[in-house]
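Letters go in sequence order (proteins before strands), and every chain restarts at 1. Keep in mind that the numbers below use all heavy atoms, side chains included, and drop hydrogens, waters and symmetry copies.
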Amino acid sequence: MTFVVYNTLTRHKEPFRPLESGVVRMYNCGPTVYGRAHIGNFRAYIFADTLRRWLECSGVTVKQVMNITDVGHLLDDADEGEDKIESQAKKENRDPWEISRHWTRLFMEDIHKLGIEPAMVYPKASEHIPEMVEMIEGLLQKGYAYQAGEDVYFEVARFPRYGRLSGNTVSELDAGARIEVREEKRHPADFALWKSDARHIMKWPTRFGEHGFPGWHIECSAMARKHLGDRIDIHTGGEDNVFPHHECEIAQTECFTGAPFANYWMHTKFLQVDGGKMSKRLGNCYSIDDVVAKGYEPRALRFCLLRGQYRTPLNFTWAIMDESKSVLENLDDLAARLRRAMTGHGAAASSEAGLELVEECQAEFTEAMDDDLNTPRAVAALMQLRTAVLEERLGASAAAAANQFLVHTANKVLGCVRVEEESLDAEIERAIAARQDARKRKDFQASDRIRDELLAKGIVLEDTPKGVIWKRK
RNA sequence: GGCGGCAUAGCCAAGUGGUAAGGCGACGGAUUGCAAAUCCGUUAUUCCCCGGUUCGAUCCCGGGUGCCGCCUCCA
């Protein structure tokens, strides 16, 4: 079985083959840092992280790059020359650089909380101006771009494949329907590589003018090339990035390098909230802080966002969050029970019992992940394991095999199950022992009091015929 | 207006041209000093609607409806 991924470029699932054996070059479209990232953003970043983790599970080295866009996003295409960061800065009466530093820091904290593995590098657009200018100059030289005053545009008509990714064609693009076409453009679909505006705060002098800043798409082309090379294996982003952003990246990079850019384009469907689009007006653009404030661990959010396959719409509600929490705790419980069964507690008599079942579950999990990261199917495979261990159908060595798989493969990808052996401090150990004594004396008032006290400390006790078991709430 | 995705039980979510995984929740029972956990049982006869192809469709085709995305620098 090989890893099969859906490629937006071809609209088919394809076997994944990296350019270089054993190495995968992957670029993830990251955040524009002018505000707090919301849970919808994280669906895309958790998808990218899952992809990276699964590739690593299959033994390859992943060179992963995620950009931080800290400059250059215009609010609109009119003549305002204002970008989101500058606009936010104006609102808050702060320096735009300070704004982008602030939100970058919070973004890094958020992804850490979600258990997202750090990328190899998080390049900032503002630190790659020379690389962008180099590409722009190259495109001008090759005749793919033209200068209009102090601006530079990419000439879409020179790139016949423009529209291949999104299914749009230049002639069908309803250009000018909602925005005014700038007169200096040769074609309405031409897009900016470099813009100029004296009022801009974040700007760089070039031979095009004193007050220039990069167009939106060029930063990703330049940073992908700088950190991964002319050609890459995978490029990811949200579904909204397909057009125009990724379409434009392809045009720029391929015209500049003369080679195909990314072999696989993978896009995450949007997260819906309360059955529809999340909106500031409805107040449901939740951040991690909102989730934590409601009493959920960030890892529960991670699991919640992995409930659905990344290419199908996924809905978020607090009730669904509750459910995710329960399911995740059941996976924690699976891990704890496997650890006990490994030592013979709650295990089948024959050590080898259930080995075949464990192998089947592993195979099913692997097959599910290999099928375009079908995480819900993969989680279902783990549930089979849980049923087996609850029914004490796994022997010690089968449980050890299952635990090995859970820790070193399944949770390497899911990244949110508690799989570590946990220990109690002596004081709690003593309290548990004291409760057992009280129960023996049939002093249930005392035993229940101790149980409540421990519960308040997050320790849940279960009395089984074979003794007491504890777990963290 | 153009292009694309999705629609499966109370909820979440897989899946297949041959009659529907799994989970959460709920209900009934067992177990328990009481709980919790666990076990047993119950929980989809239009798989959005209407046509068509087929011996047979939830799955294929056509037409609707709904939600979502892009065509505006929102993942």
Side-chain angles (χ1 to χ4, degrees), chain A residues 8 11 28-32 34-35 37-48 69 72-78 83-84 163 166-169 171-180 189 191-192 215-217 219 236-245 247-248 267-272 275-280 285 304 307-315 317 319-320 322-327 330-331 333 337 346 364 368 371 374-384 386-387 390-392 439 442-445 447-448 451-452 455 460-465 469 471 473:
Chain A
T8 307
R11 286 159 210 257
N28 308 128
C29 262
T32 302
Y34 65 94
H38 53 67
I39 57 177
N41 299 119
F42 291 122
R43 185 182 192 194
Y45 304 135
I46 287 173
F47 155 70
T69 293
H73 277 205
L74 296 182
L75 273 179
D76 55 54
D77 209 14
D83 76 24
K84 291 192 166 182
S166 59
N168 288 321
T169 59
S171 59
E172 278 169 8
L173 283 172
D174 194 10
R178 292 195 281 177
I179 56 168
E180 223 166 293
F191 57 90
W216 173 32
H217 318 294
E219 103 252 14
T236 74
E239 59 175 325
D240 58 321
N241 281 151
V242 176
F243 191 91
H245 186 49
E247 196 76 76
C248 295
H267 295 96
T268 316
K269 276 280 181 297
F270 269 25
L271 179 74
Q272 290 178 233
K277 202 197 306 201
M278 71 176 83
S279 75
K280 289 201 175 88
C285 294
C304 184
R307 271 175 316 131
Q309 203 266 352
Y310 74 93
R311 276 192 302 116
T312 57
L314 189 70
N315 189 26
T317 63
I320 291 170
D322 255 344
E323 184 196 312
S324 301
K325 183 187 173 199
S326 297
V327 177
N330 282 158
L331 289 176
D333 182 63
R337 284 176 195 269
E364 170 60 14
D371 182 16
N374 194 332
T375 44
R377 207 180 126 196
V379 169
L382 298 181
M383 286 301 173
Q384 300 304 301
R386 179 158 193 268
T387 304
L390 283 173
E391 292 174 355
E392 304 197 355
R439 291 185 70 218
K442 299 213 186 291
D443 181 356
F444 297 122
Q445 211 174 348
S447 71
D448 287 355
R451 184 171 63 192
D452 289 345
L455 184 62
V460 182
L461 297 183
E462 293 175 22
D463 297 321
T464 76
I469 288 173
K471 64 181 178 186
K473 202 181 168 205

Taking only the side-chain nitrogens and oxygens of [X], find out if one of them lies under 4.0 Å from OP1 or OP2 of [N].
| X | N | result |
| --- | --- | --- |
| A:Asn168 | B:G2 | no |
| A:Lys277 | B:G69 | yes |
| A:Asn374 | B:G15 | yes |

Which nucleotide in the list [options] gets nearest to the side chain of [X]?
| X | options | result |
| --- | --- | --- |
| A:Arg451 | B:C24, B:C34, B:A36 | B:C34 |
| A:Gln272 | B:C68, B:G5, B:G23 | B:C68 |
| A:Tyr45 | B:A21, B:A75, B:U38 | B:A75 |
| A:Val327 | B:C40, B:C24, B:A75 | B:C24 |
| A:Arg439 | B:A36, B:G69, B:G33 | B:G33 |
| A:Pro244 | B:C71, B:A75, B:C12 | B:C71 |
| A:Ile320 | B:A13, B:C68, B:C12 | B:C12 |
| A:Arg386 | B:C68, B:C11, B:C24 | B:C24 |
| A:Met383 | B:C34, B:G22, B:A14 | B:G22 |
| A:Arg43 | B:A75, B:A14, B:A13 | B:A75 |

If you take atom types as modelled and just measure distance, does the side chain of A:Asp448 reach the base of B:G33 with a donor-acceptor pair under 3.5 Å? yes

Side-chain donor or acceptor of A:Glu323 under 3.5 Å from a matching atom on the base of B:G23? yes

To the nearest 0.5 Å, how far apart are CD1 in A:Ile46 and CD1 in A:Ile39? 10.0 Å

Output for pair (A:Thr317 OG1, A:Gln272 CD), nearest 0.5 Å, gives 11.5 Å

Please measure how far the C1' atom in B:A21 lies from the corresponding atom in B:C34, and state the result in whole Å. 37 Å

For A:Phe42 and for A:Arg11, find the nucleotide of RNA chain B with the closest heavy atom, then tell me which residue's nucleotide is more 5'. A:Arg11

Contacts of A:Glu391 and A:Lys269 projected onto RNA chain B by closest heavy atom; the upstream (5') one is A:Lys269

Check for a donor-acceptor pair, side chain of [X] on one end and backbone N or O of [Y] on the other, with a separation under 3.5 Å.
| X | Y | result |
| --- | --- | --- |
| A:Arg386 | A:Leu331 | no |
| A:Asp371 | A:Ala368 | no |
| A:Arg337 | A:Glu392 | no |

When we call it a touch if two heavy atoms are under 4.0 Å apart, what does A:Ile469 touch: a base, just sugar-phosphate, or nothing? nothing

Please report the distance, rounded to the nearest Å, between NZ in A:Lys471 and C1' in B:A36. 8 Å

Protein-nucleotide distance (A:Asp371, atom CG; B:A14, atom P), rounded to Å: 11 Å

